[in-house]
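Right, one structure below, let's go through it.
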There are 2 protein chains.
Amino acid sequence: MSKKKVTFADIAKYTGFSKTTISRYFNDPDSLTLENQEKIAKALDELDYQENKLAKVLANGKSEFVGIIIPNLYLHYYSEMLNQLLSSYTDYHYKFLVFVSSDQKELEQQYLDELMAYKIEGLIVLSHTFPSEKLASYHIPIVAIEREAEHICSVNTDNYMGAVQAATLLIRNQCEILIHVNVPVPKQVPAYNRIRGFEDTCIEHHVPYELMLQDLGSTYETTYEAIKKVFVKIDNAYPGKKKGVFLANDTYANIFLNLVFQKYGTLPEEYQIMGFDNSPIANEAIIPISTIGQQIDQISKTAMELLILQMNEMKKRQPVPLSEPIHKQITPVLIRRNTTD
Amino acid sequence: MSKKKVTFADIAKYTGFSKTTISRYFNDPDSLTLENQEKIAKALDELDYQENKLAKVLANGKSEFVGIIIPNLYLHYYSEMLNQLLSSYTDYHYKFLVFVSSDQKELEQQYLDELMAYKIEGLIVLSHTFPSEKLASYHIPIVAIEREAEHICSVNTDNYMGAVQAATLLIRNQCEILIHVNVPVPKQVPAYNRIRGFEDTCIEHHVPYELMLQDLGSTYETTYEAIKKVFVKIDNAYPGKKKGVFLANDTYANIFLNLVFQKYGTLPEEYQIMGFDNSPIANEAIIPISTIGQQIDQISKTAMELLILQMNEMKKRQPVPLSEPIHKQITPVLIRRNTTD
DNA sequence: TTGTAAGCGTTATCAA
DNA sequence: TTGATAACGCTTACAA
């Protein structure tokens, strides 16, 4: 029974060295003779030593913890992002304390308190609950992903370019009218640029367009009904015209496609459909949907690099915080599948 | 600039109490007079005290950490399970250290080492990498979810009952031939019982059936091709017969449905389709797919309860570990949608 | 009701 | 290359 835990003191006693030397064995092994390294290694093994990182953290201040606050794991975008972030362990060995926010201010405040109490070295925020100003006031390394980030570093998809790519493809495919289906996005959130990019492209190419911005429900069922109304409206408004429909995400696009397919038994020539996100549903739809692929792996990688940059700075004796938050954009990729010619 | 962190010693000096009293203020406030409580509260506020849980843990041994090792977040089943587990913070205030396993033995060993080094109080395992015997050897509270768990506590969906429900519905709907599409599941994993439940039900009702157990690919594309072959085979083998097809998950079912739909332009009377999992794709398919719903919230809840049971035991002076691992089953629910009459 | 002092298991500083 | 000794910030007997 390995009841009592063995500590550096035990190893020291067992080998005749001091605790300091044992500590050195772990943190700077080359400062010991090879012979002594082996002695200690042997003792470690024989006593079945288990390290205690908490004690280490208390002594040296480096928790190797990164906090993550994420809105939900229901949307593929978020779960895949979390997946990528967690997978960065292989490269950096940071450990992640993960909280799902569900948008309650008090709860999220608790999360922040806990994260601070556990001495996280950095924080990645995807939730929208707190303004970046408040987050910045914690004075720890932070990176925001796809959210308002005036006062903190951030990584976003280049939403503008994504919309430009989508609209351009629809125009190139001879669509006579372009329609963008979206919710009324607040100006300060990054996704607002999808609307701008779409509009600018249509104007630039002198192509007629319509912006359908409205509440699109919050459950699948309500969303379905909302999109259905949108479909009926479009289908009636532009008979015989080639319609390029750019929907704000793949879930919307899939519903729209299903509605078209159910009415016509196929996807007629006069409909072109583009989604956004490249989530699985775009690929698994009755006809694989063309979409704008957010490069989640790139976003995650960039976010970690940006965070580590700041965390490394904090480890210096005289940390010089960034004078200005750094903002990065990742260009999305156009994924042509079967709903665009 | 709040540079130097304030500790109990500072509060003690400031208020004239001892560190012990400050500690008591947090852990047993009622042992202080109301007046002194207020004094301390005031000091805490004025000095802007930030607690340090790591120091606390080192002193009292209770990390409030639970480790989670999960195979991936790509499958909705896993991401939703993680979501539910993380959400249990609201009830129990355990913090979660999350790792995604990706099935590499060495990496997963690292995860376990880290988790032990951070003194987790308990562990939830969904990955299949290590046998339960090895996990049990760590002698910490563990709960396995939907995996081999001979030597550790576990929570599983009642896969047998799920398959019985699916097969029974297909039989009740007058299917003349029942087909189960699955991969060759190893006997020791819980999902094996889906096959047994299906077979037993068919036999009991004297309904002809076929088991199609074969490799179904590991990417969407290979899976699509594999299911396509299955579809062609079934479609040729039983012309004119009412076929009840029970697929091992909703992704398979969706592909199968798409193939049927593409061939016939609709779902013909002679096809009945059942999936498994109740993942979003079942609902978002061209026709909403009937499925067996895993009660992920129940599973998660039960898992946490089972873990907390063990963790609480460990906190006693004389912990008596469970003599036998406890295994719980959660009955899934039949979700009738539009692919079964 | 409050205080003293010895931990918890490391690392950091300074000496040797 | 190695060792004493004092942190790190909190808890917990044991005393008062």
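- Taking the charged nitrogens against the carboxylate oxygens, B/Lys328 and B/Glu305 have no contact shorter than 4.0 Å, which rules out a salt bridge.
- Distance NZ (B/Lys5) to P (D/dC10): 11 Å, rounded to an integer number of Å.
- Between the side chains of B/Glu114 and B/Gln110, no donor N or O sits under 3.5 Å from an acceptor N or O.
- Side chains of B/Ser132 and B/Glu150: no donor on one and acceptor on the other come within 3.5 Å.
- Side chain of A/Asp45 to backbone of A/Lys42: no donor-acceptor contact under 3.5 angstrom is found.
- Counting any heavy atom pair closer than 4.0 Å across all strands shown, A/Tyr25 reaches no nucleic acid atom.
- Between the P atom of D/dA13 and the CG atom of B/Asn27 lies a distance of 13 Å, rounded to the nearest Å.
- A straight line from NZ of A/Lys119 to C1' of D/dG9 spans 9 Å, rounded to a whole angstrom.
- Whole-Å rounding puts the A/Arg24 CZ to D/dA4 P distance at 11 Å.
- Not one side-chain nitrogen or oxygen of A/Thr33 sits closer than 4.0 Å to the OP1 or OP2 atom of D/dT1.
- In this structure, a donor-acceptor pair under 3.5 Å is present between the side chains of A/Lys134 and A/Gln109.
- Among the protein residues, B/Asp28 comes within range of no part of the nucleic acid, since none of its heavy atoms lies under 4.0 Å from any strand.
- Across all their heavy atoms, A/Pro71 and A/Ser127 have their closest contact at CG-CA, 3.7 Å.
- An OP1 or OP2 oxygen of C/dC8 is reached within less than 4.0 angstrom by no side-chain nitrogen or oxygen of A/Asn52.
- The stretch residues 8-21 of chain B touches DNA chain D through B/Phe8, B/Lys19, B/Thr20, each having a heavy atom within less than 4.0 Å of the strand.
- In terms of position along DNA chain C, the nucleotide closest to B/Ser31 lies nearer the 5' end than the nucleotide closest to the other residue of the pair B/Ser31 and B/Leu58.
- Nucleic acid contact for A/Phe26: none, since no nucleic acid atom lies under 4.0 Å from a heavy atom of the residue.
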